[in-house]
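In this chain, residues are counted from 1 in sequence order.
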Amino acid sequence: MSSSNSAAAVPEAEPQAFAVKPPEIAELPPQLVNQIAAGEVVERPASVVKELLENSLDAGAKWLRIDVDQGGLKRIRISDDGHGMTAEQLPHAVGRHATSKIRELEDLAQIASLGFRGEALPSIGSVSRMSITSRIAGEDRGWCLSGDGSGNWADVIPAAHAPGTTIEVVDLFFNVPARRKFTRAERTEYGHVEQVVNRIALSRPDIAIELNHNGRNTLKLRAATDRASQEGRLAQLLGDKFISHAVYVEHESETEGLRLSGWIALPTFSRSQADLQHSFVNGRMVRDKLLSHAVKLAYRDVLFHGRQPAYVLFLDMPARGVDVNAHPTKHEVRFRDSRAIHGFISGTLRRVLAELQPSAETAAEMSLQAGPNGELLRAGWGSDRNAAGEPGSQVSSDGGVSEQSAGYGGAPQQSPYNQSGLSLRDVQSTMGLYGDMHRPAAGAQGAGGDRMEAAVADTSEELPMGFAIAQLHGIYILAQNSAGLVLVDMHAAHERIVYERLKSSFADGDITHQPLLVPETVAVSQREAELAEEHSELFEQLGFSVDRLGPERLCIRAVPALLKQADAEALLRDVLSDLAEFGSTERLQAASDEVLSSMACHGSVRANRQLTVPEMNALLRDMERTERSGQCNHGRPTWVQLPLAELDRLFQRGR
């Protein structure tokens with residue numbers, strides 16, 4: 001056999017695969033770059049209004065006029081009396097990343113203006129037909145620059161104009177059909193525009209603002225320079241009920257350079273949704289989780305479950321302490337020391353709410369008024385229908401919160417840490433440790449009681465809650481003060497008094513540990529395990545003993561004695577979640593307070609229990625001394641005032 005036949009066959013080489021040429025890398029045309037930027041900055045007509053109004057405020061405007069047609073899709077025209085621009089500055093204003101507000105990297109660390117990126121005008125001009133007319137003070141004429149949405153701008157021409165600037169945006173998204181398709185109905189888009197204008201008006205009460213839609217005036221606000229006129233503006237923007245239920249807040253921390261001011265609604269003026277929550281940082285309207293959580297924490301044990309507080313708050317702080325360059329729309333910010341900010345806000349508001357004890361001032365806020373047909377209307381803290389138009393709280397036969405009132409239509413929510421509940425023996429034994437906390441105060445009986453009864457006729461001793469006259473249906477206390485008649489829900493009031501005393505006693509003593517019979521092992525992430533190890537001292541202070549067994553494993557060896565029936569794993573995970581997000585936690589305190597609240601409810605006087613006059617007067621005096629006694633642990637009001645003038649009106653006296 002020949003060698004050629006005996007040799008192994010050699011496989012033929014595969015043909016070389018066809019090489020695919022990669023796409024060309026090229027710079028995008030300037031017009032497309034602007035339109036991409038517009039996708040981030042200009043979401044809808046309201047976004048245009050926000051950007052232009054912020055530019056006007058940065059320019060030192062003292063009055064603003066906003067005209068919109070067809071919800072802003074057809075036309076947006078904003079005029080101001082700011083410092084204006086020269087003919088040479090106008091072309092630069094519509095250039096990419098052109099701004100007068102920052103010059104170097106260091107400026108980004110202390111931004112004091114509302115706008116600073118220099119993207120707004122070229123982005124808006126790329127998706128609309130836009131014109132800018134401006135004049136600076138001292139010149140005899142203004143100048144106008146216009147563009148057709150193609151990226152080309154006409155030459156600057158002279159124009160008649162008062163000192164200031166007018167920017168007109170016509171046919172928004174006319175050259176971007178895909179974006180225009182996602183816009184909503186005219187009414188919806190105008191609603192968003194109106195919301196932006198309202199928030200700007202809240203942030204700068206010193207600015208006069210006029211808003212017109214389709215040629216019809218819808219809002220006209222004068223500049224508000226004092227607190228009375230500012231509250232008038234709040235009433236116009238948020239409604240009379242908000243300001244009549246609101247408390248003014250002003251507190252400053254000189255060491256940290258923080259200042260908190262504004263208005264917070266009383267606990268009984270709550271909402272089913274967070275639609276009346278407005279927060280501003282250095283004049284900038286923001287939506288920040290840390291701020292909203294701090295406020296919610298302050299309201300923690302004075303609101304119904306699931307209800308939302310209402311507020312308008314202004315936080316002023318050094319510009320270096322906040323990063324406003326965290327989001328293209330500048331709605332979100334980042335704080336350099338978020339833990340300090342969180343503690344400052346929650347601590348300030350908690351103190352304000354704690355001081356809402358019965359006084360001559362709160363008596364006016366808690367007053368009932370006679371309506372036009374003789375019906376009683378609450379002028380102060382809520383009514384039979386709250387601000388959201390929902391039914392208010394109702395009292396059940398045992399003096400507690402009815403199923404309808406707890407949660408407003410739903411069953412009362414249980415704590416996830418106390419699912420098994422407290423037994424009667426637990427309540428009685430724990431209440432026994434606190435002695436006579438829920439008994440009448442010292443001096444209520446005997447000579448002290450006689451003094452109180454005698455003082456009913458002698459009004460020279462001014463006391464906000466007055467003196468008891470009688471008891472109604474075993475539920476309400478009728479009392480007389482210098483202003484008129486006081487009505488008190490005795491169970492709700494006593495529940496708050498006992499609750500605050502239990503909290504005080506619990507806080508005064510060291511938190512005792514309850515060792516677990518069988519230590520509980522919990523699987524966590526590596527980050528959570530590191531947090532637990534890093535904050536081991538904090539856990540010990542809270543009565544929690546947690547050890548790290550491995551990279552992703554923790555062991556719970558003890559829990560606070562008061563929470564011995566709690567789900568230890570759920571509680572640990574929630575605490576770690578708070579530490580990760582806010583740098584601190586009050587989860588254990590909240591869980592402890594829920595147990596104390598339940599104990600206070602069981603330890604309070606019940607409905608249909610007949611009280612003597614000295615006992616009723618003792619309860620009134622305790623209310624005057626107790627923090628947060630204006631509402632019970634569930635957020636219901638504990639008392640109301642019926643002024644003498646309203647009683648006269650009910651019976652038509654003097655007519």
Legend entry - 4.5 Å side-chain heavy-atom contact, Leu276 and Phe269: yes
Inset, instruction - Measure up the Phe280 and Phe314 rings against each other and bin them: parallel (under 30°), tilted (30 to 60°), perpendicular (over 60°). - result: parallel
Inset, instruction - Please tell me if the side chains of Leu258 and Asp316 come closer than 4.5 Å, counting only heavy atoms from C-beta onward. - result: no
Inset, instruction - Measure the shortest side-chain to side-chain distance between Met317 and Val322 over non-hydrogen atoms and say whether it is less than 4.5 angstrom. - result: yes
Inset, instruction - Return the minimal non-hydrogen interatomic distance between Ala294 and Ser346, and the atom names on each side. - result: O-CB, 3.4 Å
Legend entry - Side chains of Asn217 and Leu211 in contact at under 4.5 Å (non-hydrogen atoms): no
Inset, instruction - Flag the pair His342 / His293 as yes when at least one side-chain heavy-atom distance between them is below 4.5 Å, and no otherwise. - result: yes
Inset, instruction - Please check if any side-chain donor atom of Thr166 sits under 3.5 Å from a side-chain acceptor atom of His161, or the reverse. - result: yes
Inset, instruction - Could you tell me whether Lys62 and Asp206 have a side-chain N and a carboxylate O separated by less than 4.0 Å? - result: yes
Inset, instruction - Kindly indicate whether the side chain of Tyr190, heavy atoms from C-beta on, has any atom under 4.5 Å from the side chain of Asp69. - result: no
Legend entry - Audit row: Arg336, Asp323, salt bridge (charged side-chain N to carboxylate O under 4.0 Å, His left out) steps and yes/no: CA-CA 7 Å; Arg336 303 194 188 281; Asp323 179 12; 5.6 Å; no
Legend entry - Side-chain touch Arg233/Leu237, heavy atoms, less than 4.5 angstrom: yes
Legend entry - Pair Ile167-Thr133, side chain to side chain contact (heavy atoms under 4.5 Å, CB included): steps then yes or no: CA-CA 6 Å; Ile167 299 181; Thr133 307; over 6 Å; no
Inset, instruction - Under the side chain to side chain contact (heavy atoms under 4.5 Å, CB included) rule, what do Leu52 and Ile124 come out as? Steps first, then yes or no, please. - result: CA-CA 10 Å; Leu52 298 184; Ile124 296 169; 4.0 Å; yes
Inset, instruction - For the residue pair Asn214 and Glu186, confirm or rule out a side-chain donor-acceptor distance under 3.5 Å. - result: yes
Inset, instruction - Classify the side-chain pair Trp263/Glu231 by whether it contains a donor and acceptor separated by less than 3.5 Å. - result: yes
Inset, instruction - State plainly whether the residues Asp337 and Arg339 are in salt-bridge range, i.e. N to O under 4.0 Å. - result: no
Inset, instruction - Take Val281 and Leu291, measure what side chain to side chain contact (heavy atoms under 4.5 Å, CB included) needs, and give me the verdict at the end. - result: CA-CA 10 Å; Val281 178; Leu291 296 180; 3.8 Å; yes
Legend entry - Glu168 vs Met130, side chain to side chain contact (heavy atoms under 4.5 Å, CB included): CA-CA, chis, key distance, verdict: CA-CA 6 Å; Glu168 189 169 45; Met130 187 172 78; over 6 Å; no
Legend entry - Distance, nearest 0.5 Å, that separates NZ of Lys296 from CG of Leu349: 15.0 Å
